[in-house]
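All remarks here apply to the structure that follows.
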2 protein chains.
Amino acid sequence: MFSEDPDKVSSMTTTSPQGRTELLRPDGSPVRVLVVDDELSITELLSMALRYEGWQIRSAGDGTGALQTARDFRPDAVVLDMMLPDMDGLTVLGRLRRDLPDVPVLFLTAKDAVEDRIAGLTAGGDDYVTKPFSLEEVVARLRGLIRRSGAADRRSDSVLVVGDLMLDEDSHEVSRGGDNIHLTATEFELLRFLMRNPRRVLSKAQILDRVWSYDFGGQANVVELYISYLRRKIDAGREPMIHTRRGAGYLIKPAAS
Amino acid sequence: MFSEDPDKVSSMTTTSPQGRTELLRPDGSPVRVLVVDDELSITELLSMALRYEGWQIRSAGDGTGALQTARDFRPDAVVLDMMLPDMDGLTVLGRLRRDLPDVPVLFLTAKDAVEDRIAGLTAGGDDYVTKPFSLEEVVARLRGLIRRSGAADRRSDSVLVVGDLMLDEDSHEVSRGGDNIHLTATEFELLRFLMRNPRRVLSKAQILDRVWSYDFGGQANVVELYISYLRRKIDAGREPMIHTRRGAGYLIKPAAS
DNA sequence: CTGGAACCTGTGATTTTTCTGAGAAACACA
DNA sequence: TGTGTTTCTCAGAAAAATCACAGGTTCCAG
């Protein structure tokens, strides 16, 4: 039970109860993320999703609270809404950087926000997503930021592999058995979600909640539709990797199994 | 685990988490740059961008602070605004040179600054850029200065190569498959940014933030436009190297892939 | 065997995103 | 100052992606 499994002792990653691989900090402690947004529904949504990644989350509802929390929480990354009640996002950023010069920031901006205030945001390696966002998108961007900032180990694995299926999160390239496959943005996100949870059944509700943005009000059968698209591109003519669990959901697993 | 990997110990460059090649000092420590400008927004923007290059940054808001910081920080390069509140840029330069005779300086000057004041600035191997600048420009010039000063190793790699596409940062020459290609300044910067991040999807926001100057307030579709110009010159009739990732951005990669 | 539930997928309307032509403005240089 | 180049805006064309709808198929319980 407590055998000296060298992989377990020295590795910088661990496998979550859900079977996914987590990012960890070099000292083995969980990654810390500070979430700042004035809408409680947003901070709660994000906190839940990010905790599920195995990260340690704190949240704040305004700039003042954010700066305070940042000081003693010392997060490895910050999710920062640009529109806060008490101060401008850029002001928060500036002060944040005084205490934590290297912390990467993921900005949240309204879709229709004037473009000019986004200028320069990604200059320092930071990134942003527009509201309404999908959780997979936020998680993926955060993982990218954290990986690149060097706050976590497991640096170079921007590639997900399941069987002979390969997905590169940097180049957005997907291939199966060496053949390149072109996916649309939504197809890509769906496949990424499946591949981050191999051999696990994901319900349509879960998929909808993670891959589509939180304000999606459409028909529930988009998931079926997109699964069908993916199959056409990925399983076409080959041993299928995407499987239906009737009444439960879908799962992906290596073909030979 | 701690084996003597000769490559690791003696190499003068490393590959950043981003996959790009960094400049390092001969002893393997990060390059140090001092940024001097009285506008906080400028020092912050530059600090962010230069930190992202893997460099170690200090900043100062006036000449006095600059000289003080320079003394114990001993930077490998200095970015110096010519217009400081307490003293003239040339005065700062003179005193700076007393402590650090060989440090290369990148001057920042207002666009409308009288030409004759700039005259001679670059005589000693220094360089300058006019405000408003683009980050790619500043980074490129700094890399050039540092490379040429001998403060960092990896001297001769002023040439970026992706597939049969070649870009020389010193001569500003570009060729594909041996054919010389003439690019305008903006086209050149865009291509350089793409080539410094091969096989990685770069969003339009990232491109805008790095390649256009920080005060650019125009339409986001200049990026599309310039991508289209580049394609006409680089991919014309050939196997395309510049690819669109709809909804994500653009990337460059070798044709055969 | 049969009916209903769950799932799959073709079609096409709608929306979003990207591309590009034309020309105005800014600039560089002789 | 004039000319050619470069940069950029605007607007419409083209392409691609997203999604609703609906008819068809598969599965399973009874």
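Here is the naming used below: chain letters follow the sequence lines, and residue numbers restart at 1 for every chain. Please read all numbers here as calculations on a predicted model, not as lab measurements.
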Answer yes or no: does a side-chain N or O of K204(B) lie under 4.0 Å from OP1 or OP2 of dT17(C)? no
Tell me whether the OP1 or OP2 atom of dC8(D) has a side-chain N or O from W212(B) closer than 4.0 Å. yes
Please state how far atom CD in Q219(A) lies from atom P in dT9(C), giving the value in whole angstrom units. 19 Å
Atom CD of E187(A) and atom P of dT18(D): how far apart are they, to the nearest Å? 7 Å
At under 4.0 Å, does any side-chain N or O of Y226(B) touch on OP1 or OP2 of dT20(C)? no
Does the side chain of H243(B) get closer than 4.0 angstrom to OP1 or OP2 of dT18(C) through an N or O atom? no
R232(A) CZ - dG10(C) C1' separation (whole Å): 8 Å
Would you say R231(A) reaches dC8(C)'s phosphate, i.e. side-chain N/O to OP1/OP2 under 4.0 Å? yes
Between C1' of dC19(D) and CG of L225(A), the distance in whole Å: 7 Å
Tell me: NZ of K233(A) to C1' of dA16(D), nearest whole Å? 10 Å
Of the nucleotides dC21(D), dT18(C), dC19(D), which one has an atom closest to the side chain of T244(B)? dT18(C)
Looking across every strand, which nucleic acid part, if any, lies under 4.0 Å from I227(A) by heavy atom: base, sugar-phosphate, or nothing? nothing
Looking only at side-chain atoms of N221(A), point me to the closest of dC8(D), dC27(D), dC21(D). dC21(D)
E173(A): which of R199(B), R200(B), K253(B) passes salt bridge (Lys or Arg N to Asp or Glu O under 4.0 Å): K253(B)
Any side-chain N or O of T184(A) less than 4.0 Å from the OP1 or OP2 oxygen of dT18(D)? yes
Over all strands shown, is F188(B) touching base, sugar-phosphate only, or nothing at heavy-atom distances under 4.0 angstrom? nothing
Please indicate whether M166(B) has more than 12 foreign heavy atoms, meaning atoms of other residues, nucleotides or ligands, lying under 6.0 Å from its CE. no
Can you tell me if the side-chain N/O atoms of T186(A) get under 4.0 Å from OP1 or OP2 in dA17(D)? no
Ranking dC7(C), dA15(D), dT7(D) by distance to the side chain of Y229(B), first place goes to dT7(D)
To the nearest Å, how far apart are R245(A) CZ and dC28(D) C1'? 16 Å
